A.B. asks: 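Got a structure for you, questions after.
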Amino acid sequence: MGNMVEVSVNASRIKQSEIRIMSVECERVRGVNLAQGVCDTEVPEPVRCAATAAVEAGLNQYTRLDGILALRSAISKKLRENNGLVVDPETELLVTSGATGGFFAACMAMLDAGDEVILFEPCYGYHAHTLTAMNCKPVFVRLNAPDWKFSAEDVERVITPRTKAIIVNSPANPSGKVMSRAELGWLAEIAVQHDLLVITDEIYEYFLYDGHEHISIATLPGMAERTITISGFSKTFSITGWRIGYAACPARWKTSIGYFHDLTYICAPAPFQHGAAAGLNELPKKFYEDLRLEYLHKRNLICSALSQAGLKPSIPQGAYYVLADTSALSGKNSKEKAMYLLQETGVAAVPGNAFYHDGAGENLLRFCFAKKLNDLENACNRLQRLRAHATV
Ligand code: PLP
């Protein structure tokens with residue numbers, strides 16, 4: 001008999017992320033990778049030192065499934081002081097293996113096959129693909145450049161008796177949209193009226209520009225009891241490989257979310273939990289302000305380089321990505337445009353259609369500016385090669 005065993009039906013519906021594909025291509029041509037959201041900036045000293053000290057001290061074993069108390073307490077304090085959220089570190093908080101682990105476990109615990117879940121598009125692929133992997137149905141509300149606004153009616157229109165949840169991601173990957181208080185208020189009213197769950201991914205909460213304010217939707221009236229607030233330290237402390245995040249939720253859900261997280265991850269990495277706790281406890285307010293200013297500078301650099309190269313950026317309000325209109329580039333679709341850009345300049349970006357379910361975004365490319373300044377400046381210079389080119 002030949003090889004008859006095939007992957008599951010489920011697996012055959014999931015495809016490899018375009019982001020990883022572009023990273024591989026970029027490495028092949030030794031280009032500058034603005035495709036992947038890896039912040040290769042320095043890890044803050046207290047975070048690094050506490051993690052190293054934890055390894056040396058032998059804190060290398062499984063922790064409690066919801067994480068060490070020191071980290072849960074530090075997160076609870078941060079949520080109270082920065083987000084205005086009151087979360088009991090014992091019963092309402094779970095340390096997770098990155099925001100990704102938190103999102104996965106939350107979806108496993110809360111959603112059933114066939115549930116419809118509302119997402120905003122352009123959308124972070126992991127959110128949509130996680131839902132698909134669980135046989136839920138992602139339902140998209142389309143936002144349009146350059147300001148990515150929506151109305152309450154846009155959301156009301158897609159609600160059906162099967163709608164179970166809304167996914168919020170503000171500041172958003174890839175658009176950089178920061179939801180306003182009014183927009184979050186509409187979502188909150190809709191969630192209460194239709195008895196919906198809200199899962200909010202706030203991983204970019206410290207990356208805010210031009211006076212935009214981060215509001216945790218769980219602080220709005222009636223929302224604490226129906227919201228799972230997910231965030232983490234990958235981006236803020238530049239530790240994407242450490243896998244430390246958290247989920248804050250009503251106590252009645254914590255056991256189930258914790259159970260599913262345990263099944264996949266057992267716990268978040270022990271020494272790195274100590275590192276994150278030290279970061280929260282020891283880094284001053286100035287750290288977060290400096291972070292914001294550093295990324296603001298980087299945002300301005302990449303946006304002006306894109307404009308000068310003839311690619312029209314939608315100026316992000318938060319997070320660290322720019323979607324640019326690349327209609328001027330050669331190529332029938334965004335994949336071809338990304339490959340063309342890589343060939344001509346050595347700069348890798350993500351094809352825009354990776355952020356849409358229906359083939360939209362073919363004129364868009366996403367550029368990540370979470371890069372060391374040197375690398376970003378190098379990328380900005382390389383982009384200027386396009387100016388000399390006939391098609392731009
Ligand atoms: N959520 C969003 C919206 C992201 O863009 C990313 C990374 O790109 C993540 C979550 C991943 O976070 P973590 O490393 O904490 O799993």
Side-chain angles (χ1 to χ4, degrees), residues 16-23 33-41 43 47 67 71 75 78 93-108 117 119-131 138 143 148 166-179 198-208 214 216-217 228-248 257 260-261 264-265 267-269 272-273 275-276 279-280 295 316-323 348-350 352 354-355 366-371:
Q16 193 190 8
S17 140
E18 290 282 1
I19 300 175
R20 284 192 189 281
I21 296 170
M22 284 312 297
S23 294
N33 190 355
L34 301 192
Q36 206 156 16
V38 176
C39 25
D40 45 15
T41 47
V43 178
V47 177
L71 180 53
I75 295 168
K78 166 242 156 1
L93 191 57
L94 188 76
V95 174
T96 57
S97 187
T100 307
F103 186 76
F104 194 83
C107 290
M108 286 294 282
V117 179
L119 299 138
F120 294 89
E121 202 172 46
C123 161
Y124 175 55
Y126 275 64
H127 289 163
H129 298 157
T130 300
L131 295 170
L143 307 182
W148 316 101
I166 304 175
I167 310 291
V168 174
N169 172 216
S170 174
N173 175 7
S175 67
K177 177 185 173 62
V178 176
M179 284 199 188
V198 169
I199 305 180
T200 168
D201 177 341
E202 305 185 358
I203 191 93
Y204 297 106
E205 62 187 305
Y206 291 106
F207 298 82
L208 297 163
H214 174 68
S216 289
I217 191 168
I228 302 174
T229 303
I230 291 172
S231 191
F233 307 101
S234 283
K235 316 287 176 176
T236 316
F237 296 162
S238 303
I239 49 171
T240 52
W242 286 19
R243 317 308 308 129
I244 307 283
Y246 58 87
I257 299 173
F260 281 109
H261 189 268
T264 325
Y265 302 99
C267 64
F272 298 145
Q273 293 190 45
L280 284 177
Y295 278 83
Q317 304 167 341
Y320 52 51
Y321 308 94
V322 194
L323 281 174
V350 182
F355 307 103
R366 190 198 73 174
F367 297 83
C368 171
F369 54 91
K371 291 281 141 189

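None of the values given here were measured: they were computed from a predicted structure. Side chains included, hydrogens not; waters and symmetry mates left out as well; all remaining heavy atoms used. We count ligands from 1, going down the list as the structure has it; atoms in each ligand are counted the same way.
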A.B. asks: Check each of Asn173, Asn169, Asp201, Ile167 against atom 2 (C) of ligand 1 and report the one with the nearest heavy atom.
C.D. replies: Asp201
A.B. asks: So, do Tyr321 and Tyr204 have ring centers that fall under 6.0 Å from each other?
C.D. replies: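 Ring centres of Tyr204 and Tyr321 closer than 6.0 Å.
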A.B. asks: Show the atoms of ligand 1 that are less than 4.0 angstrom away from any heavy atom in Gly98.
C.D. replies: 15 (O), 16 (O)
A.B. asks: I'd like to know if the side chain of Asp201 and the backbone of Asn169 have a donor-acceptor N/O pair within less than 3.5 Å.
C.D. replies: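 Such a contact is absent between Asp201 side chain and Asn169 backbone.
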A.B. asks: Within the 4.0 Å heavy-atom shell around Arg243, which atoms of ligand 1 are there?
C.D. replies: 13 (P), 14 (O), 16 (O)
A.B. asks: With rounding to the nearest 0.5 Å, note down the distance linking CD1 in Ile166 to OG1 in Thr200.
C.D. replies: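 Reported to 0.5 Å precision, the distance equals 11.0 Å.
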A.B. asks: Check whether any N or O atom of His127, backbone or side chain, sits under 3.5 Å from an N or O atom of ligand 1, and answer yes or no.
C.D. replies: no
A.B. asks: For Ser97, is at least one N or O under 3.5 Å away from an N or O on ligand 1?
C.D. replies: no
A.B. asks: Which of the numbered atoms in ligand 1 are below 4.0 angstrom from a heavy atom of Lys235?
C.D. replies: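 Those atoms are 6 (C), 7 (C), 8 (O).
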A.B. asks: When you measure from the side chain of Arg366 to the backbone of Ala35, do you find a donor-acceptor pair of N or O atoms at a distance under 3.5 Å?
C.D. replies: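 Judged by distance alone, yes, a pair lies under 3.5 Å.
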A.B. asks: Answer yes or no: is there a donor N or O on one side and an acceptor on the other, between the side chain of Thr130 and the main chain of Phe104, under 3.5 Å?
C.D. replies: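 Such a contact is absent between Thr130 side chain and Phe104 backbone.
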A.B. asks: So is there a nitrogen or oxygen of Ala99 less than 3.5 Å from a nitrogen or oxygen in ligand 1?
C.D. replies: yes
A.B. asks: Is it the side chain (CB and beyond), the backbone, both or neither of Phe233 that lies under 4.0 Å from ligand 1, heavy atoms counted?
C.D. replies: neither
A.B. asks: Would you say Ser234 and Trp242 make side-chain contact, with heavy atoms under 4.5 Å?
C.D. replies: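 SC-SC contact between Ser234 and Trp242 ruled out.
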A.B. asks: Within the side chain of Gln273, is there an N or O that forms a donor-acceptor pair under 3.5 Å with the backbone of Ala268?
C.D. replies: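 Indeed, once roles are kept as given, a pair shorter than 3.5 Å links the two residues.
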A.B. asks: Please state which option from Tyr124, Tyr321, Tyr126, Tyr320 has its nearest heavy atom closest to atom 9 (C) of ligand 1.
C.D. replies: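 Considering heavy atoms of Tyr124, Tyr321, Tyr126, Tyr320, the nearest to atom 9 (C) of ligand 1 sits in Tyr124.
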A.B. asks: Counting from 1, what ligand 1 atoms have a heavy atom of Ser234 closer than 4.0 Å?
C.D. replies: 13 (P), 14 (O), 15 (O)
